[in-house]
Amino acid sequence: MRYCIRCARDIGEGHEYCPHCGTPQKSPLPRPVPAKKKAIWFKIAIIVGIVLVLIIAVCVSMAVTVYEDSKPNPDAIIHNANGSITTTAKTLLKEFNDNEIRAGEMFNEKRVSFSGCVESVNDMLLFSTVHINNCGILGSKTIKAIFPTSAKKDLATLVKGNKATITCTIVDGGNIMGVLAKECLVNR
């Protein structure tokens, strides 16, 4: 027995049209997938993609942080085995600016090697001075490094604005213009 695909009445075998309603009796085409199912899979794919991008971004951020943390800190204060200290002019000036007493205990009367930018080179009668800043704004606080007159040859190699590394004995960080240092040498 066969039934009409439209009116559902018995039409018997071999009829191409329903004798009751006239509807052609070809087999129905496969039903298309509803648009809602396609939309759901599309939304799921978008969400999974966004989650993957976020996971990758977090992993990259963590890797960059680990890399940055593993790099040596150029502004660190390094206490050497011989009792001297190595740092930067920026760190030395910041330490005295943040807490003059603590910085004085840490640096005064100690040999300190520091790097910074030459702000000026001056020749006096009994000594020569070099002002070293933190490679930032000119005219800000500096380290006033006092050299013996015998150091003129080394001082002649310094150029205003260029970086230099100098070793001195820190005398006083309470100077209104910055830090005062004596017995200085230009490091090669």
Side-chain angles (χ1 to χ4, degrees), residues 49-188:
I50 290 171
V51 168
L52 286 175
V53 167
L54 290 174
I55 290 171
I56 290 170
V58 167
C59 290
V60 167
S61 174
M62 289 171 56
V64 167
T65 301
V66 167
Y67 172 74
E68 289 296 323
D69 289 347
S70 69
K71 290 184 354 185
N73 180 358
D75 295 330
I77 300 169
I78 301 167
H79 295 272
N80 303 313
N82 64 1
S84 67
I85 299 170
T86 303
T87 190
T88 62
K90 176 181 176 182
T91 300
L92 190 59
L93 290 164
K94 181 180 182 327
E95 286 294 326
F96 275 102
N97 188 55
D98 289 350
N99 186 325
E100 190 177 320
I101 294 171
R102 181 185 67 223
E105 290 173 357
M106 203 175 349
F107 296 110
N108 283 350
E109 298 306 321
K110 295 193 176 107
R111 293 296 283 173
V112 178
S113 291
F114 55 89
S115 57
C117 291
V118 176
E119 188 170 294
S120 67
V121 179
N122 304 303
D123 187 25
M124 308 290 194
L125 185 60
L126 299 174
F127 55 87
S128 300
T129 61
V130 175
H131 288 260
I132 302 289
N133 67 29
N134 63 6
C135 299
I137 301 168
L138 289 176
S140 62
K141 288 191 174 187
T142 64
I143 301 168
K144 181 180 181 180
I146 301 173
F147 289 81
T149 54
S150 61
K152 284 185 181 182
K153 185 176 179 183
D154 289 334
L155 296 178
T157 64
L158 299 178
V159 178
K160 184 177 181 178
N162 285 359
K163 283 195 171 191
T165 302
I166 295 175
T167 300
C168 301
T169 300
I170 302 300
V171 178
D172 179 26
N175 186 330
I176 194 165
M177 295 302 291
V179 176
L180 181 62
K182 65 180 181 179
E183 301 165 357
C184 299
L185 303 167
V186 176
N187 295 16
R188 297 260 167 222

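Residue numbers count from 1 along this sequence. All heavy atoms count here, side chains included; hydrogens, waters and symmetry mates do not.
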Are side-chain heavy atoms of [X] and [Y] found at a separation under 4.5 Å?
X	Y	result
Val159	Val118	no
Val112	Met106	no
Lys110	Ile170	no
Arg111	Asn82	no
Thr88	Asn134	no

From [X] [atom1] over to [Y] [atom2], what is the distance, rounded to the nearest 0.5 angstrom?
X	Y	atom1	atom2	answer
Leu158	Ser120	CG	OG	10.5 Å
Asn187	Ile166	CG	CD1	8.0 Å
Leu155	Asn122	CG	CG	10.0 Å
Thr157	Asn162	OG1	CG	10.0 Å
Leu185	Thr165	CG	OG1	12.5 Å
Lys90	Ile143	NZ	CD1	13.0 Å

For Ser128 and Asp123, does a side-chain donor sit closer than 3.5 Å to a side-chain acceptor?
yes
Assess, by modelled atom type and distance only, whether the side chains of Thr167 and Ser113 contain a donor and an acceptor separated by less than 3.5 Å.
yes
For Ile101, does the CD1 atom sit with more than 12 other heavy atoms under 6.0 Å from it, leaving out its own atoms?
no
Please name the pair of heavy atoms, one in [X] and one in [Y], separated by the smallest distance, quoted to 0.1 Å.
X	Y	answer
Ala89	Gly116	CB-CA, 4.0 Å
Lys141	Asn133	O-CB, 4.3 Å
Thr86	Asn80	OG1-ND2, 2.8 Å
Cys135	Lys163	SG-CE, 3.9 Å
Ala145	Cys184	CB-SG, 3.6 Å

Would Asp172 and Phe96 count as a side-chain contact (heavy atoms from CB on, under 4.5 Å) here? Give the steps.
CA-CA 9 Å; Asp172 179 26; Phe96 275 102; 5.9 Å; no
Quickly, which of Thr129, Asp154, Val186 forms a side chain to side chain contact (heavy atoms under 4.5 Å, CB included) with Phe147? Name it, please.
Val186
